[in-house]
Amino acid sequence: MSRPHLETHLRAKVASGGKLLVPYLMAGQSDDWLDTVQALAEAGADAIEIGLPFSDPIMDGPVIQQAAVVALERGTTPESALRELATLDLDIPLVVMTYYNLIFRAGHDRFAGRLAEVGVSGCILPDLSLEEMDDWGRAASAAGVDTVLLVAPSTSVERAQMICDRSRGFLYAVGRMGVTGERAEISHQVAEVVEKVKPLTTLPVCVGVGVSNPAQAAQVTGLADGAVVGSALVRRLLEGAGPEGAASFIASLRHAIDQRG
Amino acid sequence: MSRPHLETHLRAKVASGGKLLVPYLMAGQSDDWLDTVQALAEAGADAIEIGLPFSDPIMDGPVIQQAAVVALERGTTPESALRELATLDLDIPLVVMTYYNLIFRAGHDRFAGRLAEVGVSGCILPDLSLEEMDDWGRAASAAGVDTVLLVAPSTSVERAQMICDRSRGFLYAVGRMGVTGERAEISHQVAEVVEKVKPLTTLPVCVGVGVSNPAQAAQVTGLADGAVVGSALVRRLLEGAGPEGAASFIASLRHAIDQRG
Amino acid sequence: MTAPTQSMGNPSSEGWFGDFGGRFVPEPLMPACLELEAAFTDAWADPAFHAEFESVLSSFGGRPTPVSECLRLSEELGIRLLLKREDLAHTGSHKINNVIGQALLTKRMGKTKMIAETGAGQHGVASATAAALLGLECTVYMGEVDTKRQALNVFRMELLGAKVHPVTSGSRTLKDAVNEAMRTWVAEVDDTHYCLGSVMGPHPFPWMVREFQSILGREARGQCEKILGDVPDYVVACVGGGSNAAGIFSGFANSRAQLIGVEALGGAAIASGIPGVLHGMMSQLLQDEAGQINEAHSISAGLDYPGIGPEHAHLAATGRATYATAGDDEVLDALQRLSRTEGIIPALEPAHALAWIINEAGRAIPTGSTVLLNMSGRGDKDVAQVREILQAKGLYQ
Amino acid sequence: MTAPTQSMGNPSSEGWFGDFGGRFVPEPLMPACLELEAAFTDAWADPAFHAEFESVLSSFGGRPTPVSECLRLSEELGIRLLLKREDLAHTGSHKINNVIGQALLTKRMGKTKMIAETGAGQHGVASATAAALLGLECTVYMGEVDTKRQALNVFRMELLGAKVHPVTSGSRTLKDAVNEAMRTWVAEVDDTHYCLGSVMGPHPFPWMVREFQSILGREARGQCEKILGDVPDYVVACVGGGSNAAGIFSGFANSRAQLIGVEALGGAAIASGIPGVLHGMMSQLLQDEAGQINEAHSISAGLDYPGIGPEHAHLAATGRATYATAGDDEVLDALQRLSRTEGIIPALEPAHALAWIINEAGRAIPTGSTVLLNMSGRGDKDVAQVREILQAKGLYQ
Ligand SMILES: Cc1ncc(COP(=O)(O)O)c(C=O)c1O
Ligand SMILES: Cc1ncc(COP(=O)(O)O)c(C=O)c1O
């Protein structure tokens with residue numbers, strides 16, 4: 001449970017010339033989801049994003065929505081997920097990704113405290129805008145939890161600067177306008193958004209939304225510091241890939257990224 | 001075919017102290033309708049009303065409407081009905097009852113001429129109002145056909161006077177506000193309407209609409225010069241009474257009327 | 001107040017518009033027709049009645065309705081097309097104007113009950129509405145076939161407190177509903193007014209209903225002059241019995257505007273050209289050789305009437321108005337086209353008038369003409385039927 | 001022009017009404033929200049935009065709608081009841097005000113497409129209508145469950161040229177349609193405006209939609225003063241998202257009138273009293289212990305929303321408005337009663353407000369009070385459903 005801290009861990013990897021691979025899975029989406037987390041770590045993930053299922057995930061495409069439905073039907077709550085995460089023994093940091101209402105409902109301080117308690121050192125809340133994040137930001141900092149912010153292709157440079165200044169852990173560069181989901185091609189917007197933010201921050205920049213396979217992961221990490229892989233993994237898990245299948249998929253990404261690097 | 005003329009015939013009967021019985025049936029309502037006409041004459045009718053079926057009989061209740069539907073379905077037209085009537089050998093007058101459009105469509109003179117040709121000496125057109133009857137009235141007179149007019153309980157005395165002045169054959173006193181059809185009781189309106197018109201005319205006054213059985217026929221002829229019996233007879237014919245059944249019903253009315261007289 | 005419609009002329013004292021009209025009713029009804037004529041004549045000369053009529057129509061009925069300009073369709077057709085928006089009147093069509101007038105008159109005559117006929121239900125719903133507003137008892141006569149086809153409208157009328165009486169005689173449709181309403185009126189004329197739904201029936205109905213509907217023509221005249229600075233070149237309306245057409249024509253009869261009535265191809269009384277007597281009036285009728293009345297058949301229940309108001313027969317005879325027809329398919333196309341280009345789903349009835357305009361724009365209607373269409377009602381009542389038809393044709397799943 | 005609504009207060013620069021509102025959207029949408037806020041602020045300060053908005057609403061939308069006085073029901077209840085007749089607006093409800101505003105704004109922003117969410121279809125039909133009028137492409141997101149329940153409204157939207165996109169995520173109803181519309185907006189924000197249907201969502205929607213709806217409150221204020229010589233004692237409106245209520249309240253907020261919002265018992269966000277964040281706003285929400293959003297359940301599709309516009313949460317918190325609830329059965333009774341006594345079949349939504357008035361007349365509403373009810377829409381869309389329910393209860397065959 002005393003896992004490495006998110007930002008420290010990622011900065012170190014990047015500083016050593018490495019590229020970051022951050023897989024995403026949904027807490028409670030299957031009986032063996034904890035085993036999967038473990039397997040992902042062993043397969044070469046630099047950090048793992050844990051989705052806490054929410055009833056109304058407006059930033060997510062059909063695959064992750066489906067995983068949320070499954071997880072909720074299995075009775076997953078934020079607290080049940082965190083309690084289970086606490087049991088893991090990992091040497092990489094964990095980041096929770098969810099929607100703001102779950103946190104607001106639990107209470108900022110309480111929730112931030114719980115994250116810290118269970119060894120989660122980062123948090124991504126896509127619907128908590130820069131404008132509205134002060135209260136949560138304070139609670140998170142106080143608990144030592146990094147709040148990862150998003151920059152989108154539509155974000156202006158001025159706004160991107162403010163976001164970079166407030167983001168902790170890493171900067172999540174949204175790889176195209178749209179919700180999470182696999183795509184056949186990497187959008188031209190990836191290069192644009194990475195070029196926009198690189199001059200603005202020393203944080204590691206990870207590209208998410210749309211990274212679907214080893215080639216794309218390699219392509220994206222050629223531009224940025226890392227890749228977040230969500231739907232492509234979650235779909236495999238929904239199809240029954242299990243911890244081994246997940247591990248071998250992530251290992252293939254790891255391999256492609258490191259080959260290129 | 002040289003039958004007695006309507007008004008002459010009826011006035012004579014009344015002058016001799018007799019009461020009038022005028023049954024109604026629908027031309028073409030069964031195969032043997034002509035036999036029925038004959039049988040009615042023999043059973044004691046003083047004149048017979050022959051309905052010519054019209055698609056939209058607004059003065060008629062359900063029974064006579066039904067007879068019209070049957071007759072139309074059997075292919076009855078005004079001309080076919082008149083042609084068949086021409087074959088009868090009767091010693092009482094015939095009166096046609098129908099709606100104005102059939103006559104307007106045929107042409108006033110042509111239709112009046114045809115009536116005269118086939119030995120019909122009277123005509124009742126309930127939807128041809130006093131105001132609109134001039135053209136037809138002229139054609140009918142020219143052909144020697146009497147046009148019987150209606151007076152209703154709602155008719156004012158002034159208007160009743162004009163109607164009495166224009167009516168020929170007899171005066172049709174509508175026995176209650178409503179369409180043709182049998183009723184359990186004779187309306188109090190019969191006495192009122194008869195009292196209204198008696199001082200206004202020397203024509204025989206026959207009450208129609210609602211006279212259903214021997215007792216009612218007797219009651220009505222206690223007030224007026226005669227009774228028109230429609231739905232009660234038409235219903236029996238629709239139920240298959242045939243010429244004999246019709247004759248025995250009319251004979252029973254005749255008996256009741258004459259008993260009282 | 002009636003001045004603007006004088007140019008279409010009042011009928012003769014016996015209710016004739018030229019060779020058409022009159023009063024062909026059984027004697028028991030004649031006194032009622034005379035009473036009604038007297039009551040209406042009196043009311044219509046009474047500024048207080050006009051004031052009440054207009055006040056109810058504005059505070060309750062939604063008058064005045066606007067005139068909308070069709071920007072997109074006009075461009076496509078090369079004309080300037082305006083719509084008089086009776087679809088925005090309460091209950092969804094111009095029918096409300098007439099029923100409010102007659103319901104107020106019913107009260108004025110001291111009667112407590114109203115009866116009405118209805119085909120698809122528009123006039124029935126409007127009558128039930130006016131009766132509810134004024135606390136009158138209301139019975140609506142509706143062909144049994146129609147009560148089944150239009151079960152929801154039956155429910156609407158009942159919600160509004162009316163009784164719906166299914167008519168099982170004859171063809172069990174509108175024509176028979178009129179017959180049955182007249183029969184009932186014969187029996188109950190003492191306390192009952194027959195609220196006829198169009199410019200038809202015996203005098204004074206064709207005249208009275210036109211006068212009650214003339215408010216829409218008067219409004220439209222003023223609105224056109226504001227928008228166009230002139231009357232339109234064409235005033236086009238669908239014609240079933242002819243009340244919406246009479247209402248709008250009355251506002252323009254004394255102008256240079258050409259008046260066009262559009263009948264349903266399967267119910268085209270004027271086109272049939274055979275005069276006759278039905279439902280108390282002399283007019284043009286669908287009928288056979290012998291004079292039996294034929295049923296009308298079209299996609300639009302509101303135009304399924306074998307006759308036409310006598311004043312229209314007269315306007316056709318004098319040439320002041322011209323009558324055309326539109327068939328079911330072009331009507332469906334017109335309905336879809338207006339929906340898509342202007343955001344207004346028309347009722348099937350006025351879609352007939354639109355179909356004619358679409359056909360004739362650039363032909364009988366010269367490019368650049370100004371055209372006023374009376375949008376007599378909204379299409380909500382028709383969408384289920386239109387959907388079914390398009391599905392049956394494989395044009396919609 | 002916005003002066004009359006100032007008293008309800010504009011939100012803070014970040015879109016807060018007291019503790020409610022804000023802008024809780026993913027970063028890809030933030031620039032669109034900011035752009036929209038700037039565009040609306042600019043348009044709303046531009047007399048030319050107001051003139052165009054008001055002109056389209058009057059020539060096309062049927063504004064002003066009248067205020068009708070309920071004579072018979074008022075007498076039964078011992079109060080003086082007025083109705084603001086949004087049921088007479090084009091497409092049958094107040095929704096048209098908002099969509100015309102947003103469609104004009106879409107054009108002003110140089111966008112060519114509009115997307116919208118819809119539950120039962122009212123806002124979808126209105127959006128499709130406005131898009132057709134202005135030649136915009138329109139896609140409507142509708143829960144798959146609702147597309148089946150409301151197949152006719154799907155057809156209406158398609159007739160009007162819109163695409164209807166069935167939403168298969170989540171509960172497949174309104175809430176999920178909003179989610180899906182937002183997701184699409186994220187992807188297509190360049191040329192697409194999201195035309196939200198109520199005073200909800202992220203800033204500037206709650207403010208902008210209220211402003212577009214304020215026209216009805218402004219009209220009603222003037223009309224009441226004409227009829228009553230005063231403001232009414234009570235102004236009552238149903239609340240789903242809260243747009244019709246916000247519109248009418250805005251006309252009376254700076255007066256002594258008591259403002260009452262009536263929620264559906266099964267969708268009573270204010271009554272639930274739990275704040276939270278959904279669809280981009282902080283407001284009161286139906287949710288479970290963990291913060292998962294619950295579905296709303298009521299007889300009325302238009303009130304089946306688990307949230308409420310943030311300004312209403314604020315008005316409740318400050319006490320300027322009071323929020324009550326009405327249950328399905330009393331709503332059905334109210335709908336039938338108004339139909340029978342006044343000839344107006346209300347939509348199920350405003351029947352909630354009426355049910356509260358009927359319950360409280362002579363209790364919370366003292367006898368003799370003047371009451372203005374916002375008749376937000378007509379019942380035509382609901383009669384099939386009401387008929388089925390009454391049949392199931394054995395109250396109608
Ligand atoms: C919308 C609409 N337009 C027209 C008509 C036809 O009637 P009229 O010719 O009397 O206007 C109807 C009849 O129901 C109707 O509902
Ligand atoms: C007639 C009517 N009233 C009210 C509403 C509820 O919406 P709001 O609360 O935004 O006015 C709707 C929604 O569809 C509606 O159709």
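Quick note on labels: first sequence line is chain A, next is B, and so on, each numbered from 1. Just so it is clear, the values below take in all heavy atoms, side chains as well, and ignore hydrogens, waters and symmetry mates.
- Proximity to chain C is absent for every atom of D:Ala130, based on heavy atoms less than 4.5 angstrom apart.
- With respect to the salt-bridge test (charged N to carboxylate O, under 4.0 angstrom), the residues C:Asp380 and D:Arg156 qualify.
- Counting only distance, with no hydrogens or angles, the side chain of D:Arg85 and the backbone of C:Phe60 share a donor-acceptor pair below 3.5 Å.
- Ranked by heavy-atom pairs under 4.5 Å with chain D, the first of C:Arg337, C:Arg72, C:Gln336, C:Arg63 is C:Arg72.
- For D:Glu75, the CD atom counts as loosely surrounded, since its 6.0 Å shell holds 12 or fewer non-hydrogen atoms of other residues, nucleotides or ligands.
- At a threshold of 4.5 Å between non-hydrogen side-chain atoms, the residues D:Arg340 and C:Leu160 do not count as touching.
- Put simply, the side chain of D:Ser59 never gets that close to the backbone of C:Ser68: no donor and acceptor are under 3.5 Å apart.
- If you tally non-hydrogen atom pairs under 4.5 Å between each of C:Thr129, C:Leu335, C:Leu159 and chain D, the highest count goes to C:Leu159.
- The 12-atom threshold is not exceeded at CD of C:Glu52, counting heavy atoms of other residues, nucleotides or ligands nearer than 6.0 Å.
- Between the side chains of C:Arg378 and D:His90, no donor-acceptor pair of N or O atoms lies under 3.5 Å.
- Top candidate by heavy-atom pairs under 4.5 Å with chain D, chosen from C:Ile344, C:Thr65, C:Leu71, C:Leu390, is C:Ile344.
- With a 4.5 Å cut-off on non-hydrogen atoms, D:Val99 does not touch chain C at all.
- Heavy atoms of D:Val67 lying under 4.5 Å from chain C belong exclusively to its backbone.
- Using a 4.5 Å cut-off between heavy atoms, D:Ala128 does not touch chain C at all.
- Note: C:Gln391 CD to D:Phe155 CZ = 8.0 Å, rounded to the nearest 0.5 Å.
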